[in-house]
Amino acid sequence: MSAASVRVRFAPSPTGHLHVGGARTALFNWLYARHHGGTFILRIEDTDRSRSTDENIDSIVEALQWLGLDWDEGPPAPGYRQTERLALYREHAERLVAAGRAYYCDCPPELLEAERKTAEQRKETYRYPGRCRDRELRAGALRLRIPPSGTTVVDDLIHGPVTFDHQQLDDWILVRSDGTPTYNFCVVVDDVTMRITHVIRGNDHLSNTPKQILCYEALGYPTPAFAHVSMILGSDRARLSKRHGATSVQAFRDAGLLPEAMVNYLARLGWSHGDQEIFSRDELIALFDIKDVSSAGAIFDQTKLEWLSQEYMKQMSGAQLGELIRPFVRAAGLEPPADATQLARMADTLKERARTLVEMVEVGRFYFERPREYEPKAAAKFFTPEGRERLGLLVERLQALPDFTPGALESLYRELTTGLGVKLVDLAQLTRLAVAGKTASPPIFEVLAILGREETLARLRRALEASGVAR
Ligand code: GLU
């Protein structure tokens with residue numbers, strides 16, 4: 001097979017949002033396609049009509065777009081939703097009947113249910129006994145005629161060969177008696193007709209694979225290669241679920257994680273390249289190989305994800321981050337400055353101090369609103385009669401400062417500390433408390449220069465008033 005012919009697909013069932021497990025499956029498929037210069041297809045598996053919704057499709061599409069996983073074929077083009085492909089399933093079912101590879105079964109549902117219950121009581125997997133195999137019925141549920149003995153081997157690219165004894169399998173239903181095709185049958189027909197070369201999916205589907213392989217064989221098609229990616233686990237090693245906290249891609253977006261960090265993190269969940277942790281998208285594409293994906297479950301580590309997010313934030317320019325935090329500032333009920341340069345400067349001072357965009361807004365809240373209160377301990381320490389005098393002096397001197405730049409501000413403060421016989425840190429903390437309401441902030445001269453003369457003076461005056469009331 002030539003490398004250029006790689007065709008892979010991500011096939012979500014739109015029964016909910018895209019979760020991290022699905023996102024990682026999508027990413028591995030995307031990386032595999034991009035690495036081989038192949039085609040990445042998005043297919044919507046919406047045959048379960050009672051649980052599939054258009055809103056969920058939109059949400060999955062939005063999550064993939066946010067992650068930057070673009071598809072070469074798929075919605076909104078028609079023909080990539082299973083509900084649009086019913087004629088294809090019918091056609092393939094008819095071919096199987098004509099070739100004698102499938103047969104109709106009219107066993108009453110109550111009988112099948114009773115047999116299933118008995119098997120369950122015996123702790124056995126239920127297998128349809130093949131009662132209708134040779135009855136040559138013309139209607140009913142359509143079953144695949146599988147070879148009764150022998151084995152089917154899934155030659156998995158991650159797990160190696162996995163053998164299934166046909167004794168474990170049965171003549172499974174391809175099309176129900178009401179004419180609706182079953183999930184496994186649709187998947188096979190879709191993968192065949194979309195000319196999928198590599199099926200990369202979660203290993204919760206491994207048990208479906210021998211059934212599907214037997215169906216490929218019955219249809220006379222070669223089977224694609226399979227790679228079943230292990231599950232993502234919570235810190236308790238149980239399969240990751242809502243119990244472990246938010247797991248949808250949108251929840252991570254709304255928590256202010258960068259998509260680049262998310263992609264990097266998801267790639268490293270089960271895949272590695274030496275000890276390297278940080279990979280650009282291009283590096284991932286160049287280095288990714290499905291064979292390097294581990295067969296063991298990977299534990300989801302929120303702390304590491306946030307560490308990566310911070311690393312990505314540090315590498316970004318203030319201008320980029322400024323635009324990224326704008327909606328988060330608004331979401332916090334604050335108003336970002338209209339001036340992009342000012343916002344960029346703010347972001348620049350905050351990027352070392354936060355792991356997410358949401359945290360960045362929290363840490364930098366004082367940029368967007370005047371302090372509503374002052375840290376009580378610090379106020380007791382700094383808002384003294386002496387402190388008031390110093391605030392007054394600062395107002396006076398800052399008003400008259402020709403250039404309101406970090407450099408000029410620093411020189412002024414140094415001069416004042418010498419004159420007053422105080423330490424620079426004390427004057428700086430007093431100023432921080434006055435402009436930010438707390439004694440922790442990015443470098444204070446930067447902060448003042450970014451706030452600008454007017455705003456700085458307004459805040460110092462308010463602090464002066466407040467400190468008068470407090471004493
Ligand atoms: N629709 C399945 C799911 O969402 C994926 C099936 C497959 O990839 O073959 O889990």
Side-chain angles (χ1 to χ4, degrees), residues 6-33 38-61 63-64 67 69 71 73-75 80-85 88-89 92 152 154 156-159 162 164 172 174 180-216 219 221 223-232 239-242 247-249 266 270 290 293 297:
V6 162
R7 288 175 63 84
V8 292
R9 83 306 192 272
F10 175 54
S13 304
T15 54
H17 295 300
L18 182 64
H19 287 254
V20 279
R24 184 188 55 164
T25 302
L27 174 63
F28 283 2
N29 275 287
W30 183 85
L31 287 172
Y32 197 74
T39 304
F40 176 54
I41 298 160
L42 175 62
R43 175 171 88 218
I44 304 295
E45 302 205 323
D46 61 345
T47 31
D48 181 354
R49 292 197 194 193
S50 61
R51 292 171 59 221
S52 303
T53 67
D54 284 355
E55 290 73 34
N56 287 332
I57 297 177
D58 292 345
S59 160
I60 291 168
V61 160
L64 291 171
L67 290 167
L69 305 182
W71 50 98
E73 291 179 22
Y80 291 89
R81 286 172 69 155
Q82 288 183 327
T83 44
E84 295 171 305
R85 303 169 60 82
L88 273 174
Y89 309 136
H92 283 78
T152 288
V154 180
D156 195 275
L157 293 173
I158 296 173
H159 298 272
V162 187
F164 292 85
W172 55 281
L174 304 166
T180 57
T182 58
Y183 166 75
N184 276 304
F185 185 49
C186 296
V187 171
V188 171
V189 173
D190 288 338
D191 285 341
V192 159
T193 50
M194 292 180 177
R195 305 187 318 282
I196 299 302
T197 56
H198 297 72
V199 171
I200 303 170
R201 62 183 168 202
N203 75 1
D204 48 339
H205 288 284
L206 182 59
S207 59
N208 287 327
T209 309
K211 294 162 84 172
Q212 295 181 3
I213 289 178
L214 289 168
C215 190
Y216 280 100
L219 284 166
Y221 289 115
T223 51
F226 289 97
H228 289 89
V229 182
S230 294
M231 293 292 105
I232 300 180
R239 189 172 160 183
L240 192 71
S241 70
K242 284 200 187 110
T247 54
S248 79
V249 170
L266 290 174
I290 199 75
V293 171

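Everything quoted here is computed from the prediction, not taken from an experiment. Counting starts at 1 for both ligands and their atoms, in listed order.
Side-chain contact between L42 and P12 is present, with heavy atoms from C-beta onward closer than 4.5 Å. Annotation: side chain of H159 is in contact with side chain of S230 (closest heavy-atom distance under 4.5 Å).
Ordered by chain and residue number, the residues placing a heavy atom less than 4.0 Å from ligand 1 are R9, A11, P12, S13, E45, Y183, V187, R201, H205.
Rounded to the nearest 0.5 Å, atoms CZ (R85) and NE2 (H92) are 9.5 Å apart.
Side chains of R195 and T39: a donor-acceptor N/O pair is absent below 3.5 angstrom, by distance only.
Taking T209 as the reference, R201, H228 meet the side chain to side chain donor-acceptor pair (under 3.5 Å) condition, with sequence neighbours excluded.
A salt bridge links D204 and R239; the closest N-O separation between the charged side-chain nitrogens and carboxylate oxygens is under 4.0 Å.
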